[in-house]
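Scroll down for the structure; my scribbles are underneath it.
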Amino acid sequence: FLKAMNSAQQLLWSQRDLLLNWTRDHPAPLLRWLRDSEVLSSAHYLSLLERSPSNAVAQAIETVCVTEESSQKFLQVLREVQDYYCRDLQVWVERHCRNDAVNKPVPAPVNVEEKKPKSTIAKLFKGKSKGFTLTADIKAKEELKPSRNVKLANIRVPISAHKTTLLKRTEQLKCYSEGEGVALNSASHIEICYTDLFVTEDDDLVDSSQHEYFDLASRRARIYVHQACQRIRPCHLLSPQGTSGRPPKRVKVKGIAGIGKSVAVQRLVYEWAIGKNMREFTCIFDLRFRELNLIEAPLSLLELLGERFRYLKAALPDIFTSPSSLLFILDGLDEFKFPLDWNSPDKNIDVGSKVPVSELMVALIKGSLLPEASVILTTRPSTEAPKRFFQRCCVVLGFEEDQVKEYTTKFYKDSKVAEKVYDYILNNDNLFVLSFIPLYCYIICTAMAEFFSSGNQDVADSKSLELNPPRTVSEVYFCYLFTAVKHHALRGSAERSTPRSEVLSLAKQQLTNLGKLAYENLLQKKIMFDRADLENYGVTPADLQSTFLCHILQPLKEETVEMFSFFHLTVQEHLAALYCAINLFSQEDIIQALDLWCFGLRPPSSTAAPLQSTDLNLDKLESLQMFTRFFMGMLRARLAGQLDGLVLSPMEQGDGIPARLGLWFQDQFKGRKLENQTALNLLHCLMEFHMKEATSMVAPEIRKLNLFKMKLSVVDCAAMHYVLQFSPHKLKELNLGYSNIGNRGLNRLGPILHRCESLYLRYNCLDRQAAILESAVLKSNECRVKKLFMCGNNLGPEGVLELWNALEHNTTVEELYLDITGITERGTENIVNCLSKNTSLKTLT
């Protein structure tokens, strides 16, 4: 076999054990560069990432040894990635892959009969004095590289150590399925699991007072249908922009909790560390604001970086001689506890000046410190970082529909299960909208695994849940939580059909403590906790990896930091709602709680624990809207007996609670002038409560619904439809102007549109399909529509023709507004014939 090989093949085959020994501890750089050199196919590369390191390298070497060409490419790749590996490999590369050997003859093939050397050192140097020849093509590429100056040569070793450290820290995506970052049912390497995000320019100054999830839904509604946006991949955040052609130096990336900001940054750092993107930067420093919270004393930038990246400490003075080649990634401004003064005059500070860490960050972001360096800042929308300091502002909008499908496919090993789950998500508006947020998608997939798994044992498991597949947001989160509790409570037990109440009772104390921690801190908008915080609430940090807590709490351990948080804001909100649902014992408690959370009315007196904790910022009531929806869902679960095991006694007059709540919601719609967002939230609360008795009392009182310019999502339309379907009356007015509901939202509202006397659908990104739906409404014998506003929608001539045909049969419409709908001349072909048969229309524009 060896006689049939050429020189590069022979070299690799004879030295494969040594190469394996040197690269098996960290094969990622070698494998990635082999893929990018087309030595490995993408499919083969991803399959190797799922193997053990030794096995992956052995398979790669075996693959490249098939041809001389791929063997030569392997050696060239080895030269590129040598800095990631030990000094012995670098010596080997220098000996066998020397540039000055290009014109020398190829070494003679190794005699297969020759006795193998016994020692690795002998094997390393045996018969290799001439060195391996690089092809002229490879040498030409080498000569194109810029020469390294002396200082770059001095920092080569520490920068290599930095890249290796960053690679090891970023190549695995955290998964909370089984704790310690180990994925439950899919590989966790970032290149296998990472799904691209939808990132676009942020051209919009939004009201940040509303819950960030609702702001996201609004923005998606606008951008998706208009398609008036530029998609930006994370690695292109610092690409040249505009006519200037200059790359931005300061970039802000904002997005809600769980949308994928930190993971996108992780991928960006990974790509730089592996040498494949942003190669214009000599060094990247990634800093997390949650770590910076622990720095109380003033310090300099050099001290901060020297402590955070200790292996770089001696090289920092040389690294800072070229600030334009440095990139700072500052992740999670919203988690920073120190106040930031953006309006203070710039101080004359340098990298050696000792100042408070908050001043250091402001100076770095504003550019008064290291103006030539580049900075990427990530934050939530609710945290202010003035636009004037940034040359590019972006917003992360999460997944698109294709990415949701890709994510579910990667999540499950069984493709049939993945397909079933994706179809279920697609056909459920609540889940569909949530799935665009990556961490919501993870929660949904984890919860759904119980219901769609294949195999007899899994079917038995899903039956033991004693639940149906979730439909509402609350149900998804409860399934997720119960799945986590069940797996840990019954670990090692052969009996998987244990009653739900018994499973919950095993975790009662932990869930109560965790819920109290979540609720009392939610009222104060606190999301980060130290060890003492947890212990004050009876939560033991040591239990994180051994109990279901690994699904709930995220330890944030760095070199000098130990903090904890719920791994998603909504997990904190859901646990807070669960705590309240099991600790409110009477109708009066519930009413007082809703008055407090929805309108800021403090309870006069109560013995219920959740009403003792009323340290609530009344200016931030909007931030409790998702929590109140969760509460209504958990209250329904309690009344249905699904929380048995967590509660000691049934709720007082539990049978009368739906009617009492019906009266409370009725009073809000009758007696209050509700803000648009508040009215919409109450509709959502009723949908999460999902009890006909209550909703049937409320719906008839809603005669007008004005959600003008609210930027609604499909799930908002689902909430409107759920409530209004219970009303026997016509709706005097439904104003959804400028709400960007799109065809999908209008379809969701379809069954109630015929009952609206005045229907405002202006500028809603509707097209011909919407016109077909509206035509069916107008043709209905039950149609009550008198005014129809469709202006500003791209109905086109075909869509308008549908409306003319409908008017031929309609006897209720008096006013029809069709300005700016793309009618064209063709759209007027049958107008006279149709309208001549209509007896009700008075106004047409």
Side-chain angles (χ1 to χ4, degrees), residues 221 224-226 427 429 704-708 712-714 716-718 720-722 724-725 727 729-845:
Y224 260 121
V225 193
H226 285 308
N427 293 312
D429 291 322
K704 286 187 176 183
L705 194 58
N706 183 352
L707 300 177
F708 181 65
L712 305 171
S713 69
V714 181
D716 295 324
C717 295
M720 282 186 274
H721 168 258
Y722 171 75
L724 294 176
Q725 69 178 328
S727 174
H729 308 305
K730 62 188 176 188
L731 198 63
K732 288 184 179 178
E733 178 183 301
L734 179 60
N735 190 344
L736 305 178
Y738 293 85
S739 295
N740 297 89
I741 59 174
N743 292 347
R744 192 178 172 101
L746 191 68
N747 280 332
R748 199 68 186 81
L749 290 168
I752 62 169
L753 294 177
H754 67 278
R755 292 197 279 109
C756 305
E757 278 195 348
S758 296
L759 183 55
Y760 295 81
L761 297 172
R762 294 174 293 188
Y763 292 92
N764 263 298
C765 307
L766 304 174
D767 60 20
R768 177 173 174 266
Q769 292 303 314
I772 293 172
L773 172 64
E774 197 55 51
S775 299
V777 170
L778 297 182
K779 289 177 183 177
S780 165
N781 292 330
E782 298 177 342
C783 180
R784 298 290 180 267
V785 179
K786 291 183 178 180
K787 295 181 182 179
L788 178 59
F789 295 78
M790 294 288 284
C791 34
N793 293 296
N794 187 26
L795 305 182
E798 290 80 8
V800 175
L801 287 173
E802 296 283 348
L803 291 177
W804 300 149
N805 287 330
L807 287 174
E808 186 176 347
H809 307 282
N810 179 273
T811 58
T812 63
V813 175
E814 298 175 1
E815 299 178 26
L816 178 61
Y817 298 88
L818 293 172
D819 324 45
I820 323 173
T821 51
I823 294 179
T824 75
E825 191 173 336
R826 169 163 153 60
T828 61
E829 288 177 0
N830 64 343
I831 185 172
V832 174
N833 183 45
C834 292
L835 294 187
S836 64
K837 298 175 183 178
N838 181 284
T839 58
S840 61
L841 191 66
K842 298 175 183 176
T843 303
L844 174 64
T845 65

Checking the side chain of N805 only, and the main-chain atoms of E802 only, is there a donor and an acceptor separated by less than 3.5 Å?
no

Notebook entry, point to check: Side-chain contact, heavy-atom cut-off 4.5 Å: C791 with I820?
Noted result: no

Correct closest heavy-atom pair for K704 and L731 would be N-CD1, 4.1 Å

Rounded to the nearest 0.5 angstrom, the CD-NZ distance for E757 and K730 is 4.0 Å

Is the shortest side-chain heavy-atom distance between V777 and L759 below 4.5 Å?
no

Separation between CD (E815) and OG (S840), nearest 0.5 Å, reads 11.0 Å

For atom NZ of K786, decide whether the heavy atoms of other residues, nucleotides or ligands shown that lie under 6.0 angstrom number more than 12.
no

Between T845 and the options L816, D819, L818, the side chain to side chain contact (heavy atoms under 4.5 Å, CB included) test singles out D819

Under 3.5 Å, is there a donor-acceptor pair between the side chain of N793 and the main chain of D767? no

Margin query: Is the shortest side-chain heavy-atom distance between P751 and Q725 below 4.5 Å?
Written below: no

Discussion item. Counting only heavy atoms from other residues, nucleotides and ligands, does the tally under 6.0 Å from CG of N781 exceed 12?
Written reply: no

All heavy atoms of I831 vs all of W804, minimum pair found to be CD1-CZ2, 3.5 Å

### Query
Does L841 reach the side chain of N810, with side-chain heavy atoms less than 4.5 Å apart?
no

| field | Side-chain donor or acceptor of R755 paired with backbone N/O of R784 under 3.5 Å | value | no

Scanning both residues in full, the closest heavy-atom pair of G737 with F708 reads O-CD1, 3.4 Å

Shortest non-hydrogen pair, L795 vs A771, comes out as CD2-CB, 4.2 Å

| said: Keeping S739 on the side-chain end and I741 on the backbone end, is there a donor-acceptor pair under 3.5 Å? | reply: no

OG (S775) and NE2 (H809) are apart, to the nearest 0.5 Å, by 10.0 Å

Between the CG atom in N794 and the OG1 atom in T821, the distance rounded to the nearest 0.5 Å is 8.5 Å

Are L766 and E774 packed together at the side-chain level, in the sense that at least one heavy-atom pair is separated by less than 4.5 angstrom?
no

The reported gap from CG in L736 to CG in L746 (rounded to nearest 0.5 angstrom) is 8.5 Å

Margin query: When you compare the side chain of L788 with that of L778, does any pair of heavy atoms fall below 4.5 Å?
Written below: yes

Indicate yes or no: at least one non-hydrogen side-chain atom of Y817 is less than 4.5 angstrom from one of T843.
yes

Between the CG atom in L724 and the CG atom in L749, the distance rounded to the nearest 0.5 Å is 8.5 Å

- Query: Would you say L835 and L807 make side-chain contact, with heavy atoms under 4.5 Å?
  - Reply: yes

Y760 and N735 have their tightest heavy-atom pair at CB-OD1, 3.3 Å

Task: Under 3.5 Å donor-acceptor, N838 side chain and S836 backbone - done: no

